[in-house]
Amino acid sequence: MPNQTVRVRFAPSPTGYFHLGSARTALYDFLVARHYNGRFIVRIEDTDRTRYQPDAIPDLLEGLRWLGLWWDEGPEVGGDYGPYYQSDRLPFYQEYAEKLVREGKAYRCYCSPERLEALRAEQRAAGLPPGYDRHCRYLTQQEIAHYEAQGIRPVIRLAIPTEGVTEFDDFLRGHIVVENSLLDDFVLLKSDGFPTYHLAHVVDDRLMEISHVLRGDEWLPSAPRHVLLYRAFGWEMPIHVHLPVILDPSGKGKLSKRKKVLPDGREQFTYIHDFRRAGYLPEAMVNFLALVGWSYDGQTEFFSRDQLIRCFTLEGISKSPSALSYEKLEYMNAAYIRNLGVNDLTGRLLWVFTQQGFQADFDTVFRLTPLIRERIKTLNEAIQWVDFVFTDDFTYDPALLIQKGMDIPMTATMLRAALEALEPLEAFDEPAIEAALREMGARLGVKTGTFLGTLRVACTGKQVAPPLFGTLSVIGKQRVLSRLRRALSALGGLAQ
RNA sequence: GCCCCCAUCGUCUAGUGGCCUAGGACACAGCCCUUUCAAGGCUGCGACAGGGAUUCGAAUUCCCUUGGGGGCACCA
């Protein structure tokens with residue numbers, strides 16, 4: 001390590017929105033940095049101008065902030081190792097690439113994309129591994145002059161050893177050895193003057209004094225190239241940790257970036273902002289994500305962010321890829337919702353209701369919160385549970401009023417009985433409602449479930465709703481009475 | 001095609017040679033509680049991919065097979 005301080009960077013490329021897989025990497029970066037009392041750095045790797053997507057960056061930063069992964073250095077906060085956008089660091093890459101050319105460790109390549117394409121096609125056809133044939137590695141001065149005269153803008157390639165092996169250590173996977181003959185002279189600097197990932201990240205990790213590199217497993221095969229690059233520069237390599245990929249819930253293949261629609265009609269999200277909009281809690285997301293590829297003791301699974309910082313170690317990261325379990329996420333989100341204080345949950349629910357265009361006020365939601373807290377897996381589900389509180393304009397099939405074993409006359413009797421029981425109530429609170437209704441139910445001689453079932457449909461329009469007594473109290477006496485009358489007349493309509 | 005990585009219940013995992021008749025969690029099933037639905041409690045179902053080798057003893061070490069994943073760009 002170049003120094004004693006742990007410095008970890010999250011280095012996303014703004015080619016798409018903030019993805020679940022990136023979020024996991026960012027979380028681990030964050031946790032490593034915080035656990036070892038180091039620095040968490042965000043660096044934007046925007047060296048691909050063709051795939052660049054401007055709104056990816058705000059999406060990313062918002063996502064990080066939402067998850068509570070605050071960074072010490074990077075966009076918007078600056079730092080001593082800036083700039084933190086690679087597009088602002090072009091001179092560095094050019095300088096270092098030139099240095100290697102001067103030292104004979106890299107060379108200019110004038111091959112056209114067409115030639116390279118044809119070469120690859122040939123190699124594939126011949127069953128050979130595709131790779132650059134080093135055509136320009138041994139050019140004479142005349143040939144170079146000839147190409148230059150044509151005005152061709154060259155790329156710069158690293159001249160790698162054609163024999164021997166390259167070896168390195170991955171923190172999780174141990175010692176890895178690769179034949180150099182399998183590697184090719186890869187591009188460091190593109191013809192537009194922008195660096196490739198290989199050059200840019202090596203230079204930046206060095207200049208920013210990064211101590212640990214956490215990145216996806218898909219980088220493992222190109223790690224030897226990076227080793228060779230570090231060696232060409234004469235630099236020591238940071239500790240590398242190649243994280244297991246996150247698999248699709250089916251366990252087949254990488255988590256796709258496209259939204260998938262599950263058989264039950266729900267969407268399978270992959271972007272962080274989708275989870276946010278769907279009413280997932282950031283603390284649940286963090287907890288869940290931490291466990292995708294990491295475990296503490298195999299027993300404990302609820303961790304606050306601070307506990308994660310305390311417990312997280314690189315040793316706990318697993319080597320094998322893991323399939324995403326949306327059920328587990330929902331379970332965990334529900335658990336976090338249940339553990340929220342009523343005030344806290346109320347605030348979050350109020351936001352959701354308001355967002356969805358409901359005329360909700362804190363007081364009403366506050367009374368609703370305990371009634372639905374144990375029933376919702378996401379904040380947004382609250383809407384389906386209690387929408388009838390905020391509007392009288394809902395419809396239902398009057399046939400639902402008639403409970404199992406009941407008929408129209410009996411149902412009408414129950415509705416009238418409820419009116420009779422509730423009308424005289426002074427305080428329309430839960431205990432009063434419960435007492436009145438239970439007494440009336442007993443007097444009618446019907447089962448409580450049957451009686452309340454009819455009232456539930458009448459007052460909420462649903463067969464499944466939060467506990468009735470509390471719900472009625474929130475709806476309010478006058479509205480309850482009018483809903484009961486409305487049910488009665490709907491029942492009358494059924495009779496004809 | 002070539003290269004790399006991985007391999008315990010359906011899924012996420014604990015396990016680092018004897019404590020394992022393999023532990024926990026999600027999901028699933030049953031029961032209890034109960035005004036519906038949840039939540040909660042209890043119980044159940046359920047795995048060391050296969051074959052060799054090392055060892056007194058292997059889920060744990062080594063090899064092979066198989067399976068899965070990833071990579072082979074002037075993309076990251």
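Letters A, B, ... mirror the listed sequences (proteins, then strands); counts begin at 1. What you see is a predicted model; the values in this text were computed from it and never measured.
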Hey, does the side chain of [X] come within less than 4.0 Å of [N]'s phosphate (OP1/OP2), counting only N and O?
X      : N     : answer
A:K328 : B:U13 : no
A:R43  : B:A76 : no
A:S13  : B:C75 : no
A:R338 : B:G40 : yes
A:T47  : B:A76 : yes

Need one value for [X]: base, sugar-phosphate or nothing, where a base atom within 4.0 Å counts as base even if backbone is also close, heavy atoms only.
X      : value
A:P195 : sugar-phosphate
A:S318 : sugar-phosphate
A:F186 : nothing
A:P113 : base
A:G293 : sugar-phosphate
A:P467 : base
A:L291 : sugar-phosphate
A:R157 : sugar-phosphate
A:S191 : base
A:P466 : base
A:R51  : base
A:S222 : nothing
A:C109 : nothing
A:V187 : sugar-phosphate

Problem set entry | A:E330 CD - B:C26 C1' separation (whole Å) | 11 Å

For this session: Test for a donor-acceptor pair under 3.5 Å between the base of B:C6 and the side chain of A:S320, counting only N and O atoms.
Result: no

Does [N] pair with anything, Watson-Crick or G-U wobble, both distances under 3.5 Å, and if so, with which nucleotide?
N     : result
B:C72 : B:G1
B:C42 : B:G30
B:C48 : none
B:C9  : none
B:C56 : B:G18

Distance between [atom1] atoms of [N] and [M] (Å, rounded):
N     : M     : atom1 : answer
B:U11 : B:G52 : P     : 26 Å
B:U61 : B:C19 : P     : 16 Å
B:G69 : B:U8  : P     : 14 Å
B:G17 : B:A58 : C1'   : 6 Å
B:C33 : B:A47 : P     : 32 Å
B:G57 : B:G40 : P     : 47 Å
B:U36 : B:A14 : C1'   : 39 Å
B:A59 : B:A22 : C1'   : 8 Å

Exercise. Got a sec: does the NZ of A:K105 have more than 12 other heavy atoms crowding it under 6.0 Å?
Worked result: yes

Exercise. If you draw a 6.0 Å radius around OH in A:Y296, do more than 12 non-hydrogen atoms from other residues or ligands fall strictly inside?
Worked result: no

Problem set entry | Ring centers of A:Y326, A:F269 separated by less than 6.0 Å | no

Given [options], identify the nucleotide with an atom nearest to the side chain of [X].
X      : options             : value
A:E218 : B:A73, B:G71, B:C6  : B:G71
A:R375 : B:C37, B:C26, B:C75 : B:C37
A:L116 : B:A25, B:C4, B:C74  : B:C74
A:Y197 : B:A76, B:G1, B:C5   : B:A76

Salt bridge flag under 4.0 Å for residues [X] and [Y]:
X      : Y      : result
A:D184 : A:R225 : yes
A:R367 : A:D429 : no
A:R215 : A:E45  : no
A:D217 : A:R173 : yes

For this session: Could you check A:K319 against A:G470 and say which one's nearest nucleotide on RNA chain B is further toward the 5' end?
Result: A:K319

For this session: Would you mind telling me which residue lines up with the more 5' stretch of RNA chain B, A:E374 or A:L189, judged by nearest nucleotide?
Result: A:E374

Exercise. So, does A:R479 use its side chain to make a donor-acceptor pair with the main chain of A:I475 at under 3.5 Å?
Worked result: yes

